[in-house]
Amino acid sequence: MFLVVIIYPLGVKEITDKISNDEVVKRLKLVVKTYMDMDQDSEEEKQQYLALALHLASEFFLRNPNKDVRLLVACCLADIFRIYAPEAPYTSHDKLKEIFLFITRQLKGLEDTKSPQFNRYFYLLENLAWVKSYNICFELEDCNEIFIQLFKTLFSVINNSHNQKVQMHMLDLMSSIIMEGDGVTQELLDTILINLIPAHKNLNKQAYDLAKTLLKRTVQTIETCIASFFNQVLVMGKSSVSDLSEHVFDLIQELFAIDPLLLVSVMPQLEFKLKSNDGEERLAVVKLLAKLFGAKDSELATQNRPLWQCFLGRFNDIHVPVRLECVKFASHCLMNHPDLAKDLTDFLKVRSHDPEEAIRHDVIVTIINAGKKDLNLVNDQLLGFVRERMLDKRWRVRKEAMMGLAQLYKKYCLHHEAGKESALKISWIKDKLLHIYYQNSIDDKLLVEKIFAQNMVPHSLETEEKMKCLYYLYACLDTNAVKALNEMWKCQNMLRGLVRELLDLHKLPTSEANTSAMFGKLMTIAKNLPDPGKAQDFMKKFNQVLGEDEKLRLQLEQLISPTCSCKQAEQCVREITRKLTFPKQPTNPFLEMVKFLLERIAPVHIDSEAISALVKLLNKSVEGTADDDDEGVTPDTAIRAGLELLKVLSFTHPTAFHSAETYESLLQCLKMEDDKVAEAAIQIFRNTGQKIETELPQIRSTLIPILHQKAKRGTPHQAKQAVHCIHAIFHNKEVQLAQIFEPLSRSLNADVPEQLITPLVSLGHISMLAPDQFASPMKSIVANFIVKDLLMNDRSVGNKNGRLWTADDEVSPEVLAKVHAIKLLVRWLLGMKNNQSKSANSTLRLLSAMLVSEGDLTEQKKISKSDMSRLRLAAGGAIMKLAQEPCYHEIITPEQFQLCGLVINDECYQVRQIFAQKLHVALVKLLLPLEYMAVFALCAKDPVKERRAHARQCLLKNISVRREYIKQNPMAHEKLLSLLPEYVVPYMIHLLAHDPDLTKPQDLEQLRDVKECLWFMLEVLMTKNENNSHSFLRKMVENIKQTKDVQAPDDPKANEKLYIVCDVALFVIANKSTSCHLDSPKDPVLPSNFFTPPDKDFINDKEYLSPEAKLVLQTGKIQQPPKQTGVLGAVNKPLTVAVRRPYIKTTTSDTGSNASTNSQPNSPATNKSRLASETGARENEENPVITKAGSVKKEETAQPSGKKRAAPASDGTENSMSSNPSAGSQPPANKPRRGRPPKNAAGVATPDKEAGATTGGGVGRGRKRAAPAQDPDSTASADPIGVKTPKQQKEAEPKRATPQRQIDLQRSVRVAQRDQQAEVESSPEYVLWLTQLREQQVEEALDRWLRGAAGPKQRESTHAAEQCLRESELMLYPSVKRRCVKTRTVRQ
């Protein structure tokens, strides 16, 4: 064994374990310096110090406990690897491993940058990185252990005190290992990736940055290793391959943020995971991809379209959290990637209708957040989704949608943060938000009020700015939004009035009546607050506090005072809130409810200063100095809208207008040429000018002549307002009105109808406002001029264009004068309010005659159809208006009531529409008696679906109003007969029993129509069975059967119709309710003016409905038996039986405009009408489709069931008449009259006279009847209404060639068909055939005949015979029809 001599550098003594540590350190420093100075070219020195190099790797040094010794040794070893590179002096793998692990441990000293030895640690790191010393380890089998230890050490020591050089050397050291090795093991990869996990990332940000930079540098090499790792975890499910398996999605997110190239091979694996069956797993992948796609600079969606499309598919995932996560992602995506909005729109649309409330809510949040950042990020379609959700069934969703849109409006429209273009884009928001005020929910109304006060016209603005905002907002709103805003102010004003009345009750002495009145006020107030149940309790508590705290009452009185300013209102609200605040209560629902009340009643927008500011803006618009064009409105629009705004505010805040400046501006408006502006100005004076006469004499003197001029020569509306203004604000109104009345009454001239309208309006309103003064002169005017000279004379010939309605500006002046004359009669009577002179009876007879004569009172045929419609509407409305006055309601006979009610089934659509609206408004205000609600039952016959739907909504509203009134008013229980909705049933039954359509009480189709009308009303009444109301209804109908009809108590047929309608009603009630057979809670009272008192000796227990009729009422379908005709007679000889008269049906739609078509079948007009029928025409170009193309033919044999009944076809319109019928058509029957038959009709013999007598002389009242076409040689119409005297027939002759389409044409045709069928079945040929042959024999006989007729010589006779069979109804037999079709095919 050789003894190795260790040569030390000059001046260095031997280093052994015999010396002290300090001496060892001292000597090692010299050694370190020697190695530092050496380079690779010093071969002699390398050989000289080789033994020393081997000695330094001995156990003594590598395991020395002194860290300074270890550091110096590590520096020496690092230099040795540098000097001897590329071959290390150490040949043993174990020794190399031990050395590198030793060096790695020494690198931990880098952690403390303030250590005196830090420079040596840095030198060690620098040396190792520069030489890439660790690359020697690649030759070792277990080199991975060394690398793992090195990476862990470096990631653990890095901190924020290290400079960039330290980080760069670490990166160089680690990246060389990764890039020059054969690959990265999973353990080494984990050592790097663990620093990306959020928990570690937060602990050592510098380690995260180091790992991030390392991955970026080595992306090409390490990408395959990363892909392998994710492949095993994601696809193969080997979670055991790494401890980081549970953090794969976090790692993917971080790696994608570092460099998307790291995940090139991983992304397709995520597409696989998106389709996992595990919902939680899909959710995790969706969360990950949402972050990847939504990242600001991410291009993943464009680079990986398949993955993007697969991700979008998760918007429709079955798992709710997945859909929710997708929706949340959309917000970031819209903000960071506007180009992807198009892809997201369709999916967000579907999710906006998601069944989950939270998802719909988040869709709104997503769109609104993006819109707040930049309005251009959201397209119109996305904003449309939010608009739809304002009507969501869930309050949380509705609230989010409304508040979100309100915030967008405030930001872009009010503050103009993105210019005019963006403001224009969302200009619709203001209208749609205000439209929500139409909703029934009080929460919606309150939110609209809050939005208006905070976002649309912020109350925090200065007065001038606030009013400018309101001024131009009002000018830009659509009609419905204006109505909603007006209604909002009216509701707030009504609530202020209720609170004022409540405070007045507190000033009165305590009594039972006072307490009851207070309770009623509190209940009404509570109805106007959210959650009325809780609101009632809180309002009771608030009322108790008011009674105890006088200061609180004074604050509330000041708040609702007409003179309260906006600033005072805010101060009062703060004071009241402070007094009701309890500091120890974190949540105070009582205080929140009181705040709701205070917000509704506080005048935060309008006071005297605000009105003055509005008037100044109006003046600027008048002078042309305003910014109208900049605000997007024309000066004329601004002026008109500004005055309308002031008019509305004059109702709610009249005191705020009382200033000379305001009235001077309004006087200027009165002198403008715009009629609407002047009218609004007069109305403002009327509402606010009560103190003008006493306090502003100058204004008075200027105003009086203007009002006189408007009353005499202004427009009708101006005249009305001028008369009312004089009556309201002047003390000597009698003198003023007389100065208007006398010249107008002398100047009446029927020959100049254009100049009659304004005088008639003024005279009518004067007579209504001052009846005592002008009753006598008005009576002579009415008798001598209004009735005799104007209404009973037709001076001009109307426009015979065939239309049933024309625009207002196309109505002839004479007819307008007549309409206003009718209104004058009504106003005159309403002013008198008594019938001592029997003028009301005469007027009612006149109005009834006008309805009976279809509007043509003189029957001179001069007036046009459209003008007749106007007069019918005026007459019906006049009767309804008189019925609102009790003294006149008593004298309206049942016949007159029925005539008035039948206007709702008028042939003209607009008449039905306007009359129904007037009826609804009067009923909902409780102005009309209950019996008029029965008229809505007739709406079941309206062929237009929208009209039926509107009538049903009117019924619902009226019934709810009456029920609520009974609940809120204890005294109403004494008047249940006129208030309880169930008491409408007797009136309805009586009205239907006298319906002109009910000509044959046992006719199945007529019974079905009666049932539809009854159910139209009963369905709404029977929605709930409150207080056993179903049994009450049954009892009421049963009681009617024990009485007789007051109109015809001795007429058995009239009473039979009444009882049949009762039986139908009982049948409907019994079939729709299981509890109607219980005992009635009370005995119903029947109206004595419609039914006789029950006779004790009269017991009516008869059932008037046959089993067949009950089956039809049950199913709604009529089983049509096969119609049969003697086939032998048809084959062997000419038919002698009466056959159905041919009725030529067109294929055009039965709805359209009111214009007639005089074109031939092949004319462009006809083709256009035919096209309209195929595509769905609208009645009067605004109504829904009544029938579809081809449906007319089906009406010939079957009647549609249910409520949707189609009117028969005509020449293309419901309200039209054709003067040129198609070639080959038969002349129509005589047109039946509207109303009662002529007195001399009774003497004219008719085939169905006996049947017609059952109508009690009222057949056809109020509606036109259209008869089917008939043979020129046939007898007159079977309807007695259609029978005229020779004179009348002569007058009606020219009209015979005009087939008129009416609402009930279909029904008339079916009645005629049944009559003809009865004639066929009663013929001898039919009876003979029925007794001798069966269907098989018919087929055999027909076969023989058809085969014989199939030869070419007999084609003409075959066609004639087949036509004969068809006309004789034989073709209704299916077997016969099949044979004819088969033979016709053979011939062809």
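In this text, all values refer to a predicted model and were calculated from it rather than measured experimentally. All residue numbers in this chain count up from 1 along the given sequence.
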Checking Ser869 now: which residues fulfil side-chain contact (heavy atoms from CB on, under 4.5 Å) with it, not counting sequence neighbours? Leu804, Trp805, Arg872, Cys908, Val911

Apply side-chain hydrogen bond (donor to acceptor under 3.5 Å, both in side chains) to Thr843 and list each qualifying residue two or more places apart in sequence or on a separate chain. none

Neighbour count >12 (heavy atoms, 6.0 Å) for atom NZ, Lys862: yes

Distance alone, cut at 3.5 Å: any donor-acceptor contact between the side chains of Ser1106 and Gln1002? no

Non-neighbouring partners of Lys1041 that pass salt bridge (Lys or Arg N to Asp or Glu O under 4.0 Å), sequence neighbours left out: Asp1063

Residue pair Met988 / Leu1014: nearest heavy atoms and the distance that separates them: CE-CD2, 3.7 Å

What closest approach, in Å, do Ile989 and Cys1062 show between heavy atoms, and which atom pair accounts for it? CG2-SG, 3.8 Å

Under 30°, 30 to 60°, or over 60°: which ring-plane class applies to His990 and Phe1091, parallel, tilted or perpendicular? perpendicular

SB check Glu1103 Lys1110 (cutoff 4.0 Å): yes

Salt bridge check: are Arg952 and Glu1019 linked by an N-O gap of less than 4.0 Å? yes

Can a donor-acceptor pair be found between the side chains of Gln917 and His950 at a distance below 3.5 Å? yes

Rounding to 0.5 Å, atoms OG (Ser853) and CD (Gln860) come to a distance of 11.5 Å

Is it the case that the side chains of Asp867 and Ser864 hold a donor-acceptor pair, with the cut-off being a distance below 3.5 Å and no angle test? yes

